[in-house]
Asker: 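There's a structure below that I have some questions on.
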Amino acid sequence: MAVQDTTAGPPRTAFYNDPVIRGILYQVIVAGLVIAFLTWIVLNTAQNLAAQNKSTGFGFLFETSGFGISFTLIPFDRSSYYWQAFVVGLLNTLLVAVIGIVFATMLGFVLGVARLSSNWLIARVATVYVEVIRNIPLLLQLFFWYFAVLKAMPAVRQSFELPLSIFVNQRGIIVPRPLPDAEIFWVAVTAVLALVAAIAMVVWATRVRTKTGHYPVVVSQASRVAALIVTLGVGYLAISLLGTVVPALSFGPVVPLVGAALLAGLSLTPYARYGRVFIGFAIGWAVANFLLGGMFAGLGEGIIVLGAALVALGIAWTMLSADRRSAATEGKLPLALPVLIVIALPALVYWVTGASLAFEMPVLERFNFAGGLQLVPEMVALVLGLTIYTAAFIAENVRSGIQAVSKGQTEAASSLGLREGDRLRLVVVPQAMRVIIPPLTSQYLNLTKNSSLGAAIGYPELVNVFMGTTLNQTGKAIEVIAITMLVYLTLSLTTSAFMNWYNARVALVER
Amino acid sequence: MSFSFVREQMVDPAPAPVNTAGPVAWARRNLFATPSDSLLTILALVLLIWAIPPIYGFVMPNFLGGDAVPPGGTVEECRLETAGACWAYISARMSFFIYGFYPPAEYWRPNLVFALGALLIVPLLIPRVPFKRTNAILFFVVYPVICFYLLNGGVLGMRPVPTEQWGGLLVTLIISLVGIICSIPIGILLALGRQSKLPIIKTLCIMFIELWRAVPLITVLFMASVMLPLFMPQGTTVDKLLRALVGVTLFSSAYLAEVVRGGLQALPRGQYEAASSLGLSYWKSMWFIILPQALKHVIPGIVNSFIALFKDTSLVSIVGIFDLLNTVQAASSDIDWSSPTQAITGYLFAGMVFWVFCFAMSRYSIWMERRLDTGHKG
Amino acid sequence: MSDISSSSAEERTINASQMKVSDTDVAIDVVGMHKWYGDFHVLRDIDLKVMRGERIVVAGPSGSGKSTLIRCMNRLEEHQQGQIIVNGTELTADLKRIDEVRREVGMVFQHFNLFPHLTILQNLTLAPIWVRGTPQAEAEATAMHYLERVKIPEQANKFPGQLSGGQQQRVAIARSLCMQPKIMLFDEPTSALDPEMVKEVLEVMISLAEEGMTMICVTHEMGFARQVANRVIFMDQGQIIEQNDPENFFSNPQHERTQLFLSQILH
């Protein structure tokens, strides 16, 4: 009996009902269909190409292009090859992508934080921005910036003149062209080294602070000296700027120097905050005066000076009360030292080596500007459009990232006695960034992909130069489209590889 | 002990010492809570005072205190130095923006299409209205067929109107609706394939999805318009609008597949187990148990992809189709209405149309999301 | 739940009256304090003097303002009228004073609020290092000491997400203790826990009480109140309705609201 039972085994199923066999069957059918479809396409294509007498292959890349490109980062002319056109397009794509990413990130973070502001007006302004911008197609926005704004700028002869010899007209924005001499190279090297050194110093000082409980003595001593020097410099700047607001207050170099020395002296006394407030007032006054003067050109000068003074008083009041309310400063990393390193070292090298950074100023001649650096309107419009559009999406990512950190986290940190700066640095930001970075990366990728819309307003990026002009001239549709798509595919796969790596690295460990 | 205490008289609620109601208190709390808040408020106000009056003056007609030329105005008024937006131009060219080159005598056909669409989609979007399944079949299957014959003509004595003459908002709506309607089933199949345990099917689906998600839509449209004719047997011609539709559908089905996959993954494992414990086959369990639940949860996601698709349709103007943006672009070189503000008015108009559609849809998606959220908990 | 803690009371045989309460040293002094949320008067005329070494349990129906009251004591919420003086420092808008008070007052939350991106050890050393400037090695030694006290030293290098609720709450208590506070505030520390984990947290709290820590607990654990508290405060509608030592409070409640509340929660 028992023997019979075991041999009977499970009831036999028909082979086509066995899930494993079924699975294999399905896959064979699907694969067969896909292969058949692809073969059909390939055969059709071959026939079509043969009928049009067209050849295939990538040989065309090494043929002379015979067209010019309006904006290139590498030398390119009619005698260059198609592969060089490809490189030009790719570099132009990457150029706007990088510039766009930098600006969109800055604008997006500001807007994202602003949307969560307790200030009703600020939050509302940010919300309106986001809701307006992200609900209008990017292409429309690009057309708007390019055709309605930049192309509607005055003709060359009536160019708008902005400060610092910047001119805006139909042909774009013309800025002074920097003419670095050989020594500038060393200044640039020093600037990079100084930045690295400053970061390294901050990291080291923080490490020592964690290990021993206080910052290294060298650093705190040097910081004190640095703070004095910075006060001296900023004080000098502040007093000299007063002259730009009220002409009666423009002095020679002596008064600002003495004033700065007094301010530096004051910073050693318990009344240091009044010195800081004065500097804040003076600089705020000058900047507000400059901005208001630009915004409300129609108003009288007196009103603007007065309005700027009100804004500056607001700044001074803010600084004073913030200073009074703020927690003790001891135990905080003094920022004067890294700031001084980053600014003063390159300046020193600039002075010692006798390097000079001249600017070639644009000068209006009969029909156009001579000299200067011309930013073509296509590029300006594309960068503007991409930045403004992507910033709206980044703002939403930032907002939800910050909101993802529960209020309890801040409360727990506060109840432990952590100060506001430390709460943000040690508890809130690290958690928010984990949430923000993955969608932020895909926004960067979107921006890069969206830069292809530059083709519609004539910016010579990859799609325009390669899928547009090159394809039209050579007729190599399959090859050109394959190469272009491959570029974007590579970018995208690299990005998702980074994201997977990042997510795996920062994933919160859960049970 | 001494601390024993019993309250004899309850304390009645008293008004707060600092007035917390009224506009002054509101402003103090929301605008001037701290010095830095006050400073930010002042700066924002300065910015708004700078920006809003010129914009208002540009957009509003003179009876509302602005400089714009209202509908019915003349081109001469628009050409004045001080004139703002030229709304007269928009109203004069309105039919072009809506119908493109569609013959005016046949406008009743697109109008009927709009009306039918509205009639079918409104009850579909309101969760309380019954007959969802019938409604959905009508909208997603029957409606497109009717639309095609109505617009294209050639049957029932209607004059044929080739797709080259379709344009404006009509084409924008057609492309986005066809795109979403075709990409939903493809997206679902792709999502199921990506979740499948069968390696070949899974790989094929992943490759398809990731390829289209990786490249910009403009390259897909280029590909569709240049390569589709090459892929077809010799002698076949593919309609230009159809090429764009194929490109848009391929592109959005990949995005939709990821949205649906999110819904499938969000379902508790118990649902899958329950389905298979009932002895249902794979397709039956998907059709009757898994998909209805998963799709309900991804409605906001589908609406969001639809918004993205709706905005993306503007790209078909690059491959020469007269959608809303392209009609506006083309009309901006209309000599009869040439004025300094002609182009900018056109873009403002197109922007407002797109904005109204997208904003309404995004509100709907947020509302739906909230509804689903609470429904889930309760 | 009350029988869990009363059974541990028998094992330990604590006598609440043996724990020392200072007669002169005031830890927290709340005088005529009012608080409003907008127009809503949440706390009304609160007067409360907490002596050093006292263990106070605050009870009351939900929405009675008990959590808000202890959150005012380290200024997670600000009050609009009256005074709150903690360890001799009055709480005002002055951030310096607020920081000073918070350093001396530990707080344990209903939902633990551990920092999920840091290990248990990092959770414990964060504040000592950045607030007190304790050298890392020393902070870690202290942290391990307190982890042993709450009986989970082996979890030091795990992340909060890997721990059970009870373990997380014990870590949260240890995290506060690492700052060596003079006063501990507990905001419904066991409400979010599964029943089987309540005991382990209460045991830690009892042992803290035995050491003479000044404690103010908002809790529904009446067994804990009976055993550990030297004073029970009953709140309703934002005001203190009744306070007494636990024995009299439970056996002989005076106010009708107290009677109603006790009859509801002690069946």
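Just so we're on the same page: letters track the sequence lines, and every chain starts at 1. Keep in mind that the numbers below use all heavy atoms, side chains included, and drop hydrogens, waters and symmetry copies.
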Asker: If I measure from the heavy atoms of chain B, does A:Leu292 come under 4.5 Å with its side chain, its backbone, both, or neither?
Answerer: side chain
Asker: Against chain A, label B:Leu31 side chain, backbone, both or neither, depending on which of its atoms sit under 4.5 Å from a heavy atom there.
Answerer: both
Asker: Less than 4.5 Å to any heavy atom of chain A: does that hold for the side chain of B:Met232, its backbone, both, or neither?
Answerer: both
Asker: Compare every heavy atom of A:Tyr389 with every heavy atom of B:Lys311, then report the nearest pair and how far apart it is.
Answerer: NZ-OH, 2.8 Å
Asker: Heavy-atom pairs under 4.5 Å with chain A are the metric here; pick the option from B:Leu348, B:Leu47, B:Ile344 that has the most.
Answerer: B:Ile344
Asker: Counting heavy-atom pairs under 4.5 Å to chain A, which of B:Leu204, B:Leu315, B:Leu48 comes out on top?
Answerer: B:Leu315
Asker: Is it the backbone or the side chain of B:Ile201 that comes under 4.5 Å from a heavy atom of chain A, or both, or neither?
Answerer: both
Asker: What part of A:Gln52 gets closer than 4.5 Å to chain B, counting heavy atoms only: side chain, backbone, both or neither?
Answerer: side chain
Asker: Provide the closest heavy-atom pair for A:Phe143 versus B:Gln329 in the form atom of the first, atom of the second, distance.
Answerer: CD1-OE1, 3.6 Å
Asker: Where does B:Leu198 contact chain A at under 4.5 Å (heavy atoms): side chain, backbone, both or neither?
Answerer: both
Asker: Highest number of heavy-atom pairs under 4.5 Å with chain B: which of A:Ile315, A:Thr484, A:Val125?
Answerer: A:Ile315
Asker: Over all heavy atoms of both residues, which pair between A:Lys449 and B:Val215 is shortest? Give the atoms and the distance, please.
Answerer: CD-C, 3.8 Å
Asker: If I measure from the heavy atoms of chain B, does A:Leu471 come under 4.5 Å with its side chain, its backbone, both, or neither?
Answerer: side chain
Asker: Side chain, backbone, both or neither: which part of A:Val42 has a heavy atom under 4.5 Å from chain B?
Answerer: neither
Asker: For the residue pair B:Leu39 and A:Gly314, what are the closest heavy atoms and their distance?
Answerer: CD1-C, 3.8 Å
Asker: Pick one of side chain, backbone, both or neither for A:Ile481, based on which atoms fall under 4.5 Å of a heavy atom in chain B.
Answerer: side chain
Asker: Only pairs of heavy atoms separated by less than 4.5 Å count here; which of B:Ala44, B:Gly351, B:Ala343 has the most with chain A?
Answerer: B:Gly351
Asker: Parallel, tilted or perpendicular, judged at 30° and 60°: which one describes the rings of A:Phe147 and B:Tyr347?
Answerer: parallel
Asker: Go through B:Val226, B:Thr345, B:Thr219 and name the one with the most non-hydrogen pairs under 4.5 angstrom from chain A.
Answerer: B:Thr219
Asker: Using non-hydrogen atoms only, which part of B:Leu40 is less than 4.5 Å away from chain A: side chain, backbone, both, or neither?
Answerer: both
Asker: Please classify the contact between B:Ser317 and chain A as side chain, backbone, both or neither, with a heavy-atom cut-off of under 4.5 Å.
Answerer: side chain
Asker: If you measure from CG on B:Leu217 to CG on A:Leu139, what distance do you get to the nearest 0.5 Å?
Answerer: 10.5 Å
Asker: Could you check whether any side-chain heavy atom of A:Ser492 comes within less than 4.5 Å of a side-chain heavy atom of B:Arg213, counting everything from C-beta outward?
Answerer: no
Asker: Counting only non-hydrogen atoms closer than 4.5 Å, does A:Val311 touch chain B with its backbone (N, CA, C, O), its side chain (CB onward), both, or neither?
Answerer: both
Asker: Measuring heavy-atom distances to chain B, does A:Ser118 have an atom under 4.5 Å in its side chain, in its backbone, in both, or in neither?
Answerer: both
Asker: Which one of A:Ala148, A:Pro137, A:Ala456 has the most heavy-atom pairs closer than 4.5 Å to chain B?
Answerer: A:Pro137
Asker: Non-hydrogen atoms of chain B under 4.5 Å away: do they reach the side chain of A:Ile478, the backbone, both or neither?
Answerer: both
Asker: Work out which heavy atom in A:Leu140 is nearest to a heavy atom in B:Leu325; give both atom names and the distance.
Answerer: CD1-CD1, 3.4 Å
Asker: Given that the side chain runs from C-beta out, which part of B:Ile49 has a heavy atom under 4.5 Å from chain A: side chain, backbone, both or neither?
Answerer: both
Asker: Could you tell me which of B:Gly346, B:Pro216, B:Ser332 has the largest number of non-hydrogen atom pairs under 4.5 Å with chain A?
Answerer: B:Pro216
Asker: Do other residues, nucleotides or ligands put more than 12 heavy atoms under 6.0 Å from A:Gln473 CD?
Answerer: yes
Asker: Out of A:Glu131, A:Lys151, A:Met295, return the one with the most heavy atom pairs under 4.5 angstrom to chain B.
Answerer: A:Met295
Asker: Look at A:Ser496, A:Ser452, A:Gly468 and state which one has the largest set of heavy-atom pairs under 4.5 Å with chain B.
Answerer: A:Ser452
Asker: Would you indicate whether B:Trp50, at its atom CH2, is surrounded by more than 12 heavy atoms from other residues, nucleotides or ligands within a distance under 6.0 Å?
Answerer: no
Asker: For B:Asn30, is there any backbone N or O sitting under 3.5 Å from a side-chain donor or acceptor partner on A:Trp120?
Answerer: no
Asker: Are there over 12 heavy-atom neighbours, none belonging to A:Phe290, within less than 6.0 Å of that residue's CZ?
Answerer: no
Asker: Would you indicate whether the side-chain heavy atoms of B:Phe231 and A:Thr45 approach each other to under 4.5 Å?
Answerer: yes
Asker: Measure across B:Pro229 and A:Asn48 and return the closest heavy-atom pair with its distance rounded to 0.1 Å.
Answerer: O-ND2, 3.5 Å
Asker: A side-chain contact here means heavy atoms from C-beta on lying under 4.5 Å apart; do A:Tyr26 and B:Ser196 qualify?
Answerer: no
Asker: I need the A:Asn135 CG to B:Ile307 CD1 distance, nearest 0.5 Å.
Answerer: 6.5 Å
Asker: With rounding to the nearest 0.5 Å, note down the distance linking CG in A:Leu453 to OG in B:Ser314.
Answerer: 7.5 Å
Asker: Of the backbone (N, CA, C, O) and the side chain (C-beta and beyond), which part of A:Ala51 lies under 4.5 Å from a heavy atom of chain B, both, or neither?
Answerer: both
Asker: Among the options A:Val34, A:Val463, A:Ile41, pick out the one with the most heavy-atom pairs lying under 4.5 Å from chain B.
Answerer: A:Ile41
Asker: Once you round to the nearest 0.5 Å, how far does CD1 of B:Ile200 lie from CD1 of A:Ile29?
Answerer: 11.5 Å
Asker: Begin with the C-alpha distance, continue with both residues' side-chain angles, and end with the deciding distance and a verdict on side chain to side chain contact (heavy atoms under 4.5 Å, CB included) for B:Trp212 and A:Met485.
Answerer: CA-CA 9 Å; B:Trp212 298 126; A:Met485 284 191 156; 3.8 Å; yes
Asker: Quick one: what part of B:Glu210 sits under 4.5 Å from any heavy atom of chain A, side chain, backbone, both or neither?
Answerer: backbone
Asker: Under 4.5 Å heavy-atom distance to chain A, tell me which part of B:Val46 shows up: side chain, backbone, both or neither.
Answerer: both
Asker: Is it the backbone or the side chain of B:Thr41 that comes under 4.5 Å from a heavy atom of chain A, or both, or neither?
Answerer: both
